[in-house]
Amino acid sequence: MFNLILFGPPGSGKGTQSERLISKYGLRHLSTGDILRSEIAGQTPLGMAAKSFMDKGQLVPDEVVIEMISSALDNNPQANGFLFDGFPRTTAQAEALDKLLTQKGTSIAVVLALQVSEKELIKRLLNRGLTSGRPDDSNEEVVSARITEYEKKTAAVADHYKKYDKVVYIKGEGHIDEIFEALSKEIDGRNAV
Ligand code: AMP
């Protein structure tokens, strides 16, 4: 299997690049944000509970997202590999993911970390809010809260994987095709695990 984490702050382009990467490499896309939004659309109890956090730009509790990822892994036994997008977002989530993958006899091959300046992130998120219909993109206060959550809780996930020498930084500003090329080059240079 080839499992990768596409890492970076909100607005760094994870969703856009994920779409291209999964189609090039035949990976299964697991985005906890997308799963949560579909739970909200289906008005499930999980979705309703998650919405109150998401509307404020706060992270949903670890147990909730870890359980979602655990089920998604179990439900895709034939996958060639997974692309994790927006997960893990805390050290506890990273440790839980490592454990789940170990149980399946695999691990994370690489963490590709997109780097984008804070000014550009805010601009992109508010711009996306004009068309995405996502309430958490449309309000500057919520956008700032999401970036603060990233700095407070999520940046540490890169430190976790640095211990295993798995983190590669990629410039997330510039042309979408060039960023995709840079990501692909890193994947091509690595073996499945
Ligand atoms: P995203 O689409 O990845 O930007 O996620 C949108 C929102 O969903 C985040 O601001 C969080 O409230 C919630 N969320 C998504 N993934 C996670 C996660 N791994 N851990 C906690 N909350 C998450």
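Numbering of ligands and ligand atoms starts at 1, following listing order.
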Flag if over 12 foreign heavy atoms under 6.0 Å of NZ, Lys51: no

Under-4.0 Å salt bridge between Lys162 and Asp159: yes

salt_bridge(Asp74, Lys104) N-O dist < 4.0 Å: yes

Donor-acceptor side-chain pairing of His29 and Asp34 below 3.5 angstrom: no

Stepwise salt bridge (charged side-chain N to carboxylate O under 4.0 Å, His left out) test for Lys123 and Glu120: CA-CA 5 Å; Lys123 194 175 100 191; Glu120 173 72 13; 3.5 Å; yes

First-shell residues of ligand 1 [heavy atom, distance under 4.0 Å]: Thr32, Gly33, Leu36, Arg37, Met54, Gln58, Leu59, Val60, Val65, Gly86, Phe87, Arg89, Gln93, Arg134, Asp136, Arg146

Gln17 (side chain) donor-acceptor with Ile176 (main chain) under 3.5 angstrom: yes

